[in-house]
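Worksheet for the structure shown next.
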Amino acid sequence: MTATVEVRRAGWTGELWSAIEPIHLEILQHPFITGLTSGELAPEAFVRFLAQDTYYVNEYARSLAMLSATAPNMALTRSLLQHAAGAVTAESGLHAELVDMIDAPAGVLTEVLPTPTAAAYVDFVTARVHSGSFFEGLCAVLPCMWVYAEVGRHLVAAGSPHPTYQRWIDSYAGSDYLDEVERVLADVDVLARDVAEVERQRGVDIAIAATRYEWMFWDSAYRGEEWPTLV
Ligand SMILES: Cc1ncc(CO)c(N)n1
């Protein structure tokens, strides 16, 4: 499968995408992602992902709500809040539905010990949101929503023979999710015009780190990452 990203954006987010695109292309080649479309991904790996992602999405929603409350304009307050609401309702509901579809044991989503990667990613985002500037916090969450939108867009073309994986793909390739992300990106482009170049560069570095964590998140579910000292 050739990895391509169809959408080229103008504005600062277009530059940002150029910086994170090489990592995004590696994500598209990862066996977790190719296993979704081939249907060959082990259900255990998918369930591990859903469990860790439930932890992730809850904390991500809190970060979005925090950013929403501290945004410098009402447009961003609105788009971030909308996306936060999507995370706590649509994405959380999706996880419960998928666990049901795949016949995973009850409690798999609630009794979660975050893996080293999930814990590190969540802490990375939370720290940027709570002790960085608004723009730095924003750049920590942008790859989360954007990479999922682009992964969804990429995977929906190929589809999956596995109904549970297809349902997951449809959710992120759906117009509700894509519209939410587009709204935030458009608002970021407006804001970025008033942000100093040095801070925009810091934002790019933060987004690159977050995109690396995105790759690691799938990889950790694929490999069944555990704490080395777990007893
Ligand atoms: C790890 C991760 N990143 C981004 C998203 C999109 O919300 C998600 N559900 N999980």
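Predicted model, so just to flag it, every value in this text is computed and none were measured. Counting convention: from 1, in listed order, for ligands and their atoms alike. Computed from heavy atoms alone, side chains included, the values below leave out hydrogens, waters and symmetry copies.
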The reported gap from CZ in Arg128 to OG in Ser133 (rounded to nearest 0.5 angstrom) is 10.5 Å
Closest to atom 3 (N) of ligand 1 among protein heavy atoms sits Glu214 OE2, 2.7 Å
protein heavy-atom neighbour closest to atom 10 (N) of ligand 1 works out as Asp53 OD1, 2.5 Å
List ligand 1 atoms under 4.0 Å from [X], heavy atoms only on the residue side.
X	value
Val57	9 (N)
Cys144	4 (C), 5 (C), 6 (C)
Tyr172	9 (N)

Query raised in the report: Sub-3.5 Å donor-acceptor pair from the side chain of Ser68 to the main-chain atoms of Leu64, do we have one?
Result: no
Check your understanding: Hey, any chance Phe134 and Val204 share a hydrophobic cluster, counting ILVMFWY side chains that come within less than 4.5 Å of each other, even indirectly?
Key -> yes
Report the C-alpha separation of Asp179 and Arg183 in whole Å, then their side-chain angles, then the decisive distance to 0.1 Å, and conclude whether the salt bridge (Lys or Arg N to Asp or Glu O under 4.0 Å) test is met. CA-CA 6 Å; Asp179 288 351; Arg183 193 65 258 153; over 6 Å; no
Sequence neighbours excluded, the answer for side chain to side chain donor-acceptor pair (under 3.5 Å) partners of Arg200 is Glu197
Which label fits Trp12 and Phe135: parallel for a plane angle under 30°, tilted from 30 to 60°, or perpendicular past 60°? tilted
In terms of its nearest heavy atom to atom 5 (C) of ligand 1, the top option of Phe217, Tyr148, Trp168, Tyr177 is Tyr148
Do Tyr60 and ligand 1 have an N or O pair less than 3.5 Å apart? no
